[in-house]
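Notes to accompany the following structure.
Only a predicted model underlies this, so the values are computations on that prediction, with no experimental measurement involved.
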Amino acid sequence: MLKRYAVMIKKPSVRYPRRPGTVGGKLPWNDWRNASTWRKVVQITLLAINIYIGITFYYWVRYYETGGATFYLPRPGGIEGWLPIAGLMNLKYTLETGAFPPIHAASMFLLASFIIISLLLKKSFCSWLCPIGTISEYIGKIGQKLFRFQIKVPKWLDIPLRGLKYLLLAFFLYIALSMPAQMIQYFMMSPYGIIIDVKMLDFFRYISGVSLISVCVLVVASLFIRNAWCRYLCPYGALLGIFSLFSPVKIRRNVESCIDCGKCAKNCPSRIPVDKLINVRTVECTGCMTCVESCPVASTLAFSLQAPTKKRQIALSGIMMAILTLGILFITIAVAAYIGVWDSPVPDNYWFHIIPNAKMIGH
């Protein structure tokens, strides 16, 4: 009898608009409006540029190693993007003395561009520009396709492991910033300081067994743990994450239109509980916009700047992120080249003398 007279009460459902031009509320991966498409374009562009820089730098070193017997390619200034400690030391030198460093100034300008990007656009250098981040991301995708699963490190272990990159950052900051400006200049002008880029190349050319095993372990770990290097060990990402706390642009969630599907949190590569937050402020956010692309409801998630009136938000699209990240990087390079500090003023005859003896310097 109770069933006969039961009244079924349903909560009124509200239909929220899906994204225009989408399938199930989601843009196709190759749609030009998709932030993922633009991020892939930027990632592949920067990866190709870095491969070109690496090959060019190798042949530049070989030219001087062989006494000019091989063909010559100009030294690419972009190689100094791989010298973050030199960039930190030179940044301190410039702030302390008010003068540009005499050598490896390009490392400082590149570091400055990455810091500016983090201050404005969260830690988007890591997900849009960094070639190591790109390689790590695609290794993870390969692992997921091959093995059909990924390891989710439990929170009790994940949190202390994430602290490792900050310990490494503290170590490198101590090395770079504990030296006074005069000592920094002395180090940079020493034979070792002049060829630290060559020493870095030699590290990979003549990699030791221990280093090779470490690299292999990281590659294998990245197959099963999403962005293992970036999440747990990268001190560069730790530094940029600290600066990203001051960014006015954040992932913002509209609570009223959110349908609590949890897709944003599930797809977030940094495992941020986006579906539980209103504004994502954490240092782990890389501004990749994966959560935004995963949301099936229009205007619920946005990577946006709060307008001064606080009545509306200025959302950034994928194409705008591509323009801003690449624009800041290349404008900084153009400024360094314009004022004449992009290339270090080392004469050719000195390169012929020091590069063939690089192995003996610092031992």
Side-chain angles (χ1 to χ4, degrees), residues 44-94 99-115 125 129-132 134-135 172 176 184-207 211 236 326 328-363:
I44 292 170
T45 300
L46 264 293
L47 183 60
I49 289 173
N50 276 274
I51 291 171
Y52 169 79
I53 287 171
I55 294 171
T56 304
F57 184 67
Y58 169 79
Y59 281 107
W60 178 81
V61 171
R62 287 295 297 155
Y63 175 80
Y64 291 102
E65 281 182 338
T66 60
T70 57
F71 65 95
Y72 175 80
L73 289 174
R75 178 183 181 276
I79 194 67
E80 301 206 8
W82 294 85
L83 305 175
I85 298 177
L88 281 169
M89 294 170 71
N90 278 336
L91 184 59
K92 182 188 177 181
Y93 176 88
T94 296
F100 292 122
I103 195 165
H104 297 310
S107 64
M108 179 190 71
F109 275 87
L110 288 169
L111 174 62
S113 72
F114 304 151
I115 290 174
F125 166 80
L129 302 177
C130 179
I132 300 299
T134 299
I135 292 170
F172 290 124
I184 291 173
Q185 182 176 5
Y186 176 78
F187 171 77
M188 287 296 174
M189 295 300 291
S190 69
Y192 186 89
I194 290 173
I195 61 163
I196 50 177
D197 48 1
V198 180
K199 300 291 286 184
M200 176 195 63
L201 176 66
D202 286 348
F203 171 82
F204 292 102
R205 283 202 294 174
Y206 311 111
I207 191 167
S211 298
Y236 216 0
L326 291 176
I328 292 169
L329 174 62
F330 290 121
I331 287 172
T332 307
I333 292 172
V335 169
Y338 178 76
I339 61 181
V341 296
W342 181 248
D343 296 309
S344 296
V346 179
D348 271 6
N349 59 349
Y350 190 73
W351 290 129
F352 279 117
H353 167 71
I354 196 171
I355 289 180
N357 300 307
K359 288 184 182 180
M360 296 183 291
I361 296 172
H363 289 286

Let me see the working for Thr134 and Leu46 under side-chain contact (heavy atoms from CB on, under 4.5 Å), right down to the final yes or no. CA-CA 9 Å; Thr134 299; Leu46 264 293; over 6 Å; no
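- The main-chain N or O of Gly81 is never found under 3.5 Å from a side-chain atom of Ser107 such that the two would form a donor-acceptor pair.
- Enclosure of atom OH in Tyr52 is not indicated, since only 12 or fewer non-hydrogen atoms of other residues, nucleotides or ligands lie within 6.0 angstrom.
- When the shell of 6.0 Å around OH of Tyr338 is examined, it contains 12 or fewer heavy atoms from other residues, nucleotides or ligands.
- Within 6.0 Å of CZ in Phe187 there are more than 12 heavy atoms belonging to other residues, nucleotides or ligands.
- Closest of all the heavy-atom pairs between Asn90 and Met188 is OD1-CG, 3.8 Å.
- The 12-atom threshold is exceeded at CZ of Phe352, counting heavy atoms of other residues, nucleotides or ligands nearer than 6.0 Å.
- Between Leu201 and Trp82 the shortest side-chain heavy-atom distance does not fall below 4.5 Å.
- Expressed to the nearest 0.5 Å, how far CE of Met89 lies from OG1 of Thr94 amounts to 12.0 Å.
- For Asp197 (side chain) and Gly77 (main-chain N/O), no donor-acceptor pair under 3.5 Å exists by modelled atom type.
- No donor-acceptor distance shorter than 3.5 angstrom exists from the side chain of Thr56 to the backbone of Ile53, with no hydrogens or angles considered.
- Distance alone, capped at 3.5 Å, is enough to place a donor-acceptor pair between the His104 side chain and the Ile194 backbone.
- With sequence neighbours left out, Asp202 forms a salt bridge (Lys or Arg N to Asp or Glu O under 4.0 Å) with Arg205.
- Note: Ile331 CD1 to Leu326 CG = 10.5 Å, rounded to the nearest 0.5 Å.
- Under a cut-off of 6.0 angstrom, the local environment of CZ in Phe204 is sparse, with at most 12 non-hydrogen atoms contributed by other residues, nucleotides or ligands.
- Annotation: Phe109 is in aromatic contact with Phe100 [ring centroid separation under 6.0 Å].
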With side-chain contact (heavy atoms from CB on, under 4.5 Å) as the criterion, how do Trp342 and Leu110 come out once you've worked through the C-alpha distance, each side chain's angles and the decisive distance to 0.1 Å? CA-CA 10 Å; Trp342 181 248; Leu110 288 169; 4.0 Å; yes
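- The CD atom of Glu80 sits 9.5 Å away from the CE atom of Met200 when rounded to the nearest 0.5 Å.
- Once rounded to the nearest 0.5 Å, the distance linking CG of Leu111 with CD1 of Ile85 reads 11.5 Å.
- Inter-residue side-chain proximity for Ser113 and Leu329 is flagged as met; some heavy-atom pair is nearer than 4.5 Å.
- In plain terms, the two heavy atoms of Lys92 and Ala176 that are nearest each other are CD-O, 4.3 Å.
- At least one side-chain heavy atom of Lys359 sits under 4.5 Å from a side-chain heavy atom of Tyr206.
- For the atom pair CD1 of Ile354 and CD1 of Ile195, the computed distance is 4.5 Å after rounding to the nearest 0.5 Å.
- With sequence neighbours excluded, the residues satisfying ring-ring contact (aromatic ring centres under 6.0 Å, His included) with Phe71 are Tyr59.
- Ring centers of Tyr63 and Trp60: at least 6.0 Å apart, outside the cut-off.
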Please assess Phe114 against Ile328 for the test side-chain contact (heavy atoms from CB on, under 4.5 Å), listing each intermediate value before the final yes or no. CA-CA 8 Å; Phe114 304 151; Ile328 292 169; over 6 Å; no
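- Contact of the Trp351 side chain with the Val61 side chain is not registered, since no non-hydrogen atoms from C-beta on lie closer than 4.5 Å.
- Remark: Met189 CE to Ile184 CD1 distance equals 14.0 Å, nearest 0.5 Å.
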